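Everything numeric here is computed off the predicted structure, so don't read it as measured data. FYI, the numbering just counts along the sequence from 1.
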Amino acid sequence: MSSIVLATSAADSRAVEAVVAHHTEMNGTLGLLVEALVQAVETGEPASPAHRRLVDWTRSDLLPHAQAEEAAMYPHAHRDEHARLLVDAMIAEHGVIGALVDALDEAATPVRAAAHARALQVLFETHMTKENEQILPLLALSSDVSLAGVLDGMHELLGGHSHGEGGGHGDAGAAPTGGAPEASGGCGCGSGAGGGCGGGASEGTPPGAGTAVAGPAVAGPAAEAGAGDAVPAAGGSAAGTPAPAAAPAAEGHSCGCGGHDDAGNLPVLDARAVPHAIRHATIFGALEGVAPGAGMVLLAPHDPLPLLAQVDARWPGTFTVDYLERGPETWALAFTR
């Protein structure tokens with residue numbers, strides 16, 4: 001983390017980092033799913049697959065997360081008279097989020113679905129920021145409650161694992177958010193020793209064998225964000241950012257996808273617009289939202305070699321990566337699942 005988390009114990013500090021990292025990844029996933037739906041509407045492509053995938057994710061991940069917050073965190077925060085009105089407002093926002101999910105699910109036209117999706121994305125981002133910057137610090141600083149103890153076992157809040165007292169993982173060996181087995185040295189939450197997300201790969205580490213990269217590796221500037229760099233801030237994607245023209249793949253490259261001439265139709269995440277400290281976690285969340293056989297375009301301010309190593313550690317052999325543009329100001333990469 002690049003900012004200091006004030007807490008009554010090291011375990012509570014790690015618990016804050018874990019929840020914030022999960023919030024950031026959820027925000028990245030939601031942003032990618034919403035962008036895929038909006039782009040389908042804009043281009044006239046069939047929007048039903050993107051619509052259904054977004055609805056399914058909100059019901060399997062977003063709403064259970066909100067329910068877990070109300071059960072685990074909010075009662076403790078509500079006991080503080082200074083936070084009572086805030087907590088009441090947060091619970092009311094959960095109701096609005098649920099109503100937006102229902103409206104999204106029942107939308108009769110793609111345009112209405114896209115409108116509800118954008119409203120949901122904006123509300124979740126502001127809601128997440130208030131939790132990160134107000135609710136979590138209040139609980140972490142409270143001497144009456146152990147935040148790590150409250151969250152232990154709450155998978156919906158921590159993205160698939162728990163952090164008990166002392167910062168240990170309540171379910172060792174559990175898969176992180178991406179579904180791949182944990183790599184040594186990281187849990188994907190940003191709070192593990194050695195860096196967290198993506199197995200704690202150090203900056204400058206080249207992509208692993210499971211990540212197919214078109215063309216020879218070209219060393220770029222040092223990575224601006226490390227592996228475990230999630231902090232309370234809002235991330236997102238740049239809607240409608242055009243993808244650069246595809247560069248030819250290196251000789252011998254084969255991904256089975258038929259080439260990337262259609263990269264301009266892929267949803268785009270402009271990482272240049274994402275705050276430095278939460279950039280990697282946001283990208284991980286966006287990649288989590290990529291369906292099998294689909295893809296996304298990442299715009300980066302440098303050659304993201306450390307990120308590619310982390311992606312390969314987190315999802316071994318899952319993504320094919322093709323460079324569409326190689327600087328000097330922007331690197332564009334197409335990820336295909």
Checklist outcome for this item: Taken to the nearest 0.5 Å, the spacing of Leu266 CG from Glu35 CD works out to 11.0 Å

Next on the checklist: Show the nearest heavy-atom pair for residues Ala286 and Leu269, with the distance to one decimal.
Outcome noted: CB-CD2, 3.8 Å

Item to check | His302 side, atom NE2; Leu307 side, atom CG - distance, nearest 0.5 Å | outcome: 8.0 Å

Checklist entry - Side chains of Met90 and Gln134: does their closest heavy-atom pair fall under 4.5 Å? => result no

Checklist entry - Are side-chain heavy atoms of Leu298 and Trp331 found at a separation under 4.5 Å? => result no

Checklist entry - So, for Met26 and Trp57, which heavy atoms are closest and what is the spacing to 0.1 Å? => result O-CH2, 3.7 Å

Checklist entry - Any salt bridge between Glu69 and Lys130, counting N to O under 4.0 Å? => result no

Item to check | Minimal non-hydrogen separation, Ala21 against Ala281, with atom names | outcome: O-CB, 4.5 Å

Next on the checklist: Taking Val122 as the starting point, is it possible to reach Leu37 by hopping between hydrophobic residues whose side chains are less than 4.5 Å apart?
Outcome noted: no

Checklist entry - With a 4.5 Å limit on heavy-atom distance, are the side chains of Leu32 and Val290 in contact? => result yes

Next on the checklist: How close do Ala83 and Ala77 get, counting heavy atoms only, and between which atoms?
Outcome noted: CB-O, 3.6 Å

Item to check | Rounded distance (nearest 0.5 Å) linking atom CZ of Phe284 with atom CD of Gln310 | outcome: 4.0 Å

Checklist outcome for this item: CD of Glu45 to CG of Asn265, rounded to nearest 0.5 Å, is 6.0 Å

Checklist entry - Side-chain contact, heavy-atom cut-off 4.5 Å: Leu299 with Val268? => result yes

Item to check | Nearest non-hydrogen partners of Leu54 and Ala117, listed with the distance | outcome: CD2-CB, 3.6 Å

Checklist entry - Out of Gln39, Arg118, His116, which one pairs with Val34 under the side chain to side chain contact (heavy atoms under 4.5 Å, CB included) rule? => result Arg118

Next on the checklist: Could you measure the distance from the CG atom of Leu30 to the CE atom of Met128? Nearest 0.5 Å is fine.
Outcome noted: 9.5 Å

Next on the checklist: Could you tell me if the side chain of Leu100 sits less than 4.5 Å from the side chain of Thr58, heavy atoms only?
Outcome noted: no

Checklist entry - For Thr24, which of Thr29, Ile278, Val274 qualifies under side chain to side chain contact (heavy atoms under 4.5 Å, CB included)? => result Ile278

Checklist outcome for this item: Between Glu288 and Arg337 the two heavy atoms that sit nearest each other are O-NH1, 3.9 Å

Checklist entry - Given the rule in the side chain to side chain contact (heavy atoms under 4.5 Å, CB included) test, do His51 and Leu104 qualify, once you have shown the distances and angles that lead to the verdict? => result CA-CA 8 Å; His51 182 191; Leu104 172 66; 3.9 Å; yes

Checklist entry - Hey, is CZ on Arg84 packed in by over 12 heavy atoms from elsewhere, all under 6.0 Å? => result yes

Item to check | Working for side chain to side chain contact (heavy atoms under 4.5 Å, CB included), residues Arg272 and Arg279 | outcome: CA-CA 8 Å; Arg272 301 169 303 177; Arg279 192 170 291 157; 5.9 Å; no

Next on the checklist: As a quick check of understanding, evaluate side chain to side chain contact (heavy atoms under 4.5 Å, CB included) for Leu136 and Val19, giving each step before the final call.
Outcome noted: CA-CA 9 Å; Leu136 286 172; Val19 176; 3.8 Å; yes

Next on the checklist: Using side-chain heavy atoms (C-beta onward) and a distance below 4.5 Å, is Val87 in contact with Ile91?
Outcome noted: yes

Checklist entry - Between Asn27 and Glu125, is a side chain to side chain contact (heavy atoms under 4.5 Å, CB included) present by the stated rule, with each step listed? => result CA-CA 7 Å; Asn27 198 42; Glu125 187 167 312; 3.7 Å; yes

Next on the checklist: Does any part of the side chain of Val16, heavy atoms only, come nearer than 4.5 Å to the side chain of Pro137, both counted from C-beta?
Outcome noted: no

Next on the checklist: Within this structure, what is the CD1-CG distance for the pair Ile283 and Leu333, rounded to the nearest 0.5 Å?
Outcome noted: 9.5 Å

Checklist entry - Is the shortest heavy-atom distance from the side chain of Thr318 to the side chain of Leu287 under 4.5 Å? => result no

Checklist entry - Going by atom types only, do Gln67 and His94 share a side-chain donor-acceptor pair under 3.5 Å? => result no

Item to check | Pairs satisfying side chain to side chain donor-acceptor pair (under 3.5 Å), at least one member in residues 96-106, at least two apart | outcome: Arg52-Asp105, Arg59-Asp102, Arg59-Asp105

Item to check | Thr330 side chain to Gly327 backbone, donor-acceptor under 3.5 Å | outcome: no

